[in-house]
A.B. asks: 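Quick one: this structure, given as structure tokens, is what I'll be asking you about.
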Amino acid sequence: MKLVIGDKNYSSWSMRPWVLLTHFGIPFDEIPVELGEADSTARILEHSPTGKVPCLIDDHGLAIWDSLAIAETLAERYPQHLLWPADPIERVHARCVAAEMHSGFFALRENMPMHIRASFPGVGATPGALADIARIDALWSECLEASGGPFLFGEFGIADAMYAPVVMRFNTYAPGLSPDAAGYAARVSALPAVQAWIAGARRETHVLAKYEPRQ
């Protein structure tokens with residue numbers, strides 16, 4: 001399989017399936033595309049009908065776009081890995097948690113874009129972003145209390161992968177978190193697959209000016 005991704009430093013959507021594939025040892029080749037360049041969309045359109053990343057190209061040449069669609073496909077094709085919780089009630093909950101990330105938290109996205117190489121403590125702390133952070137903190141804490149951890153539903157899975165870019169944002173912007181949420185963020189950051197993504201981001205030299213030092 002092949003996974004089309006954007007810059008590791010900036011592309012939060014690309015991070016999710018990449019971390020899933022890497023964590024579970026599912027083989028794939030990486031097709032990186034630097035975002036924000038004149039030919040970026042055209043290069044992505046060679047693989048994805050939306051012109052956006054990520055896009056997974058399977059062994060038969062089928063294009064699977066959108067991070068959550070990719071995750072669901074991987075869960076179906078690799079059931080031995082339990083990307084969703086085995087318990088059906090927990091699985092429903094995990095899907096809700098993942099979908100909330102997929103479709104929400106717009107103030108956080110807008111005011112604290114993912115920028116792994118940067119350190120911007122306190123930047124972007126608008127009322128809307130802080131409200132999103134409070135909701136995420138509460139959601140993580142509730143899941144961890146119910147599952148006993150170390151991840152949202154016990155073992156690392158799709159729900160955790162969906163929030164991995166949020167962890168990267170928290171590392172960059174350093175908002176105040178509860179002890180439970182801060183501990184969870186540290187565990188996600190320490191995962192080998194996440195560390196590999198971070199290392200890749202730090203090796204990149206491509207710069208998107210709109211994400212550079214903000215006042």
Side-chain angles (χ1 to χ4, degrees), residues 1-36 40-41 43-59 62-79 81-85 91-106 108-110 112-116 132 136 139-140 143 151-153 155-170 185 188-189 191 193-194 196-198 200-201 204 208 211:
M1 295 190 295
K2 299 177 181 179
L3 183 67
V4 185
I5 63 169
D7 303 66
K8 288 187 172 76
N9 188 54
Y10 303 112
S11 185
S12 59
W13 294 106
S14 298
M15 182 182 186
R16 297 176 169 106
W18 192 98
V19 165
L20 272 178
L21 287 160
T22 302
H23 177 81
F24 288 102
I26 300 170
F28 71 101
D29 294 323
E30 181 181 312
I31 302 177
V33 177
E34 291 181 344
L35 302 178
S40 298
T41 299
R43 291 180 61 196
I44 297 167
L45 281 168
E46 295 175 6
H47 309 280
S48 170
T50 65
K52 298 178 180 180
V53 291
C55 183
L56 183 69
I57 312 300
D58 75 2
D59 295 334
L62 176 67
I64 306 152
W65 64 94
D66 186 277
S67 60
L68 194 53
I70 293 169
E72 289 279 16
T73 300
L74 294 175
E76 289 179 350
R77 296 189 182 183
Y78 299 92
H81 291 309
L82 292 179
L83 277 74
W84 291 119
R91 192 159 60 247
V92 168
H93 189 196
R95 280 194 164 103
C96 290
V97 167
E100 184 174 354
M101 179 67 254
H102 191 259
S103 62
F105 305 120
F106 297 111
L108 175 66
R109 300 178 198 273
E110 175 67 23
M112 298 183 181
M114 193 171 88
H115 192 331
I116 291 172
D132 283 350
I136 291 167
L139 183 152
W140 286 358
C143 289
F151 298 104
L152 295 180
F153 294 90
E155 297 302 316
F156 184 85
I158 290 171
D160 302 288
M162 291 299 293
Y163 285 87
V166 173
V167 171
M168 299 300 98
R169 288 175 163 93
F170 290 174
V188 171
S189 296
L191 276 173
V194 174
W197 179 271
I198 292 170
E204 292 173 347
L208 285 172
Y211 295 136

A.B. asks: Is the shortest side-chain heavy-atom distance between Phe28 and Lys2 below 4.5 Å?
C.D. replies: no

A.B. asks: Between atom CD1 of Ile26 and atom CG of Leu21, what is the distance when rounded to the nearest 0.5 Å?
C.D. replies: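 Here the interatomic distance stands at 5.5 Å.
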
A.B. asks: Measuring from atom CE of Met101 to atom CG of Asp160, what distance do you get when rounded to the nearest 0.5 angstrom?
C.D. replies: 13.5 Å

A.B. asks: Less than 4.5 Å apart, side chain to side chain, heavy atoms only: is that true for Pro17 and Leu56?
C.D. replies: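 Counting from C-beta outward, Pro17 and Leu56 never come under 4.5 Å.
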
A.B. asks: Check for a donor-acceptor pair, side chain of Arg109 on one end and backbone N or O of Gly104 on the other, with a separation under 3.5 Å.
C.D. replies: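 Here the side-chain-to-backbone pair exists.
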
A.B. asks: Work out which heavy atom in Leu20 is nearest to a heavy atom in Ala71; give both atom names and the distance.
C.D. replies: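 Shortest heavy-atom contact: CD1-CB, 3.8 Å.
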
A.B. asks: Can you see which heavy atom on Ala98 is nearest to which on Leu68, and at what distance?
C.D. replies: CB-CD1, 4.4 Å

A.B. asks: Look only at the side chain of Arg16 and the backbone of Ser67, and say whether a donor-acceptor pair between them is shorter than 3.5 Å.
C.D. replies: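 It does not hold such a pair.
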
A.B. asks: CG of Asp66 to OG1 of Thr73: how many Å apart, nearest 0.5 Å?
C.D. replies: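 Atom-to-atom, Asp66:CG and Thr73:OG1 are 10.0 Å apart.
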
A.B. asks: Would Met15 and Met114 count as a side-chain contact (heavy atoms from CB on, under 4.5 Å) here? Give the steps.
C.D. replies: CA-CA 10 Å; Met15 182 182 186; Met114 193 171 88; 4.2 Å; yes

A.B. asks: Classify the ring geometry between His23 and Phe156 as parallel (under 30°), tilted (30 to 60°) or perpendicular (over 60°).
C.D. replies: tilted

A.B. asks: Side chain of Trp197, backbone of Lys8: donor and acceptor closer than 3.5 Å?
C.D. replies: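 Pair found, side chain donor or acceptor close to backbone of Lys8.
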
A.B. asks: Quick one: OG on Ser14 to CG on Asp7, what's the gap to the nearest 0.5 Å?
C.D. replies: 8.5 Å

A.B. asks: Taking all non-hydrogen atoms of both residues into account, name the closest pair between Phe153 and Ala159 and its distance.
C.D. replies: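 So the two residues come closest at CE1-CB, 3.9 Å.
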
A.B. asks: Are His102 and Trp13 near enough that their ring centres are under 6.0 Å apart?
C.D. replies: yes

A.B. asks: Does a side-chain heavy-atom distance below 4.5 Å link Phe105 with Val166?
C.D. replies: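 Side-chain contact under 4.5 Å: no.
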
A.B. asks: Is there a side-chain contact (heavy atoms from CB on, under 4.5 Å) between His47 and Trp65 once you walk through the steps?
C.D. replies: CA-CA 9 Å; His47 309 280; Trp65 64 94; over 6 Å; no

A.B. asks: Checking Asp58 against Arg77 for the side-chain contact (heavy atoms from CB on, under 4.5 Å) test, could you report, in this order, the C-alpha distance in whole Å, the side-chain angles of both residues, the deciding distance, and whether it holds?
C.D. replies: CA-CA 11 Å; Asp58 75 2; Arg77 296 189 182 183; 3.0 Å; yes

A.B. asks: Could you please spell out the steps behind the side-chain contact (heavy atoms from CB on, under 4.5 Å) verdict for Val97 and Cys143?
C.D. replies: CA-CA 9 Å; Val97 167; Cys143 289; 4.0 Å; yes

A.B. asks: With heavy-atom distances below 4.5 Å as the criterion, would you say the side chains of Tyr163 and Phe151 are in contact?
C.D. replies: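 No, side chains not in contact.
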
A.B. asks: Assess whether a salt bridge exists between Glu34 and Arg43, defined as any Lys/Arg side-chain N lying under 4.0 Å from an Asp/Glu carboxylate O.
C.D. replies: no

A.B. asks: Verify the neighbour count for atom CD of Glu72: are there more than 12 heavy atoms of other residues, nucleotides or ligands below 6.0 Å?
C.D. replies: yes

A.B. asks: With rounding to the nearest 0.5 Å, note down the distance linking CG in Asn9 to CG in Leu208.
C.D. replies: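 Between atom CG of Asn9 and atom CG of Leu208 there are 8.5 Å.
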
A.B. asks: Please work out whether the ring planes of His81 and Phe24 are parallel, tilted or perpendicular, with thresholds of 30° and 60°.
C.D. replies: tilted

A.B. asks: If I compare all heavy atoms of Ile44 with all of Gly51, which pair ends up nearest, and what's the gap?
C.D. replies: CG2-C, 3.4 Å

A.B. asks: If you define the side chain from C-beta out and look only at heavy atoms, does anything of Glu155 sit under 4.5 Å from Leu82?
C.D. replies: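 No, their side chains stay 4.5 Å or more apart.
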
A.B. asks: So which atom in Thr50 and which in Leu45 form the shortest heavy-atom distance, rounded to 0.1 Å?
C.D. replies: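 Smallest interatomic distance, heavy atoms only, reads C-CD2, 4.1 Å.
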
A.B. asks: Tell me the closest heavy-atom pair linking Val53 and Gly6, and the distance in Å.
C.D. replies: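 Taking Val53 first and Gly6 second, the nearest heavy atoms are CG2-N, 3.7 Å.
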
A.B. asks: To the nearest 0.5 Å, tell me how far Leu3 CG sits from Cys55 SG.
C.D. replies: 8.0 Å

A.B. asks: Run through Leu74, Ile64, Asp29, Ile57 and flag the one making a side-chain contact (heavy atoms from CB on, under 4.5 Å) with Met1.
C.D. replies: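 Only one of Leu74, Ile64, Asp29, Ile57 forms a side-chain contact (heavy atoms from CB on, under 4.5 Å) with Met1, namely Leu74.
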
A.B. asks: Is there side-chain contact between Glu204 and Pro32, with heavy atoms separated by less than 4.5 Å?
C.D. replies: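 They are not in side-chain contact.
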
A.B. asks: Side chains of Leu191 and Val19: does their closest heavy-atom pair fall under 4.5 Å?
C.D. replies: no

A.B. asks: Within the side chain of Thr22, is there an N or O that forms a donor-acceptor pair under 3.5 Å with the backbone of Trp18?
C.D. replies: yes

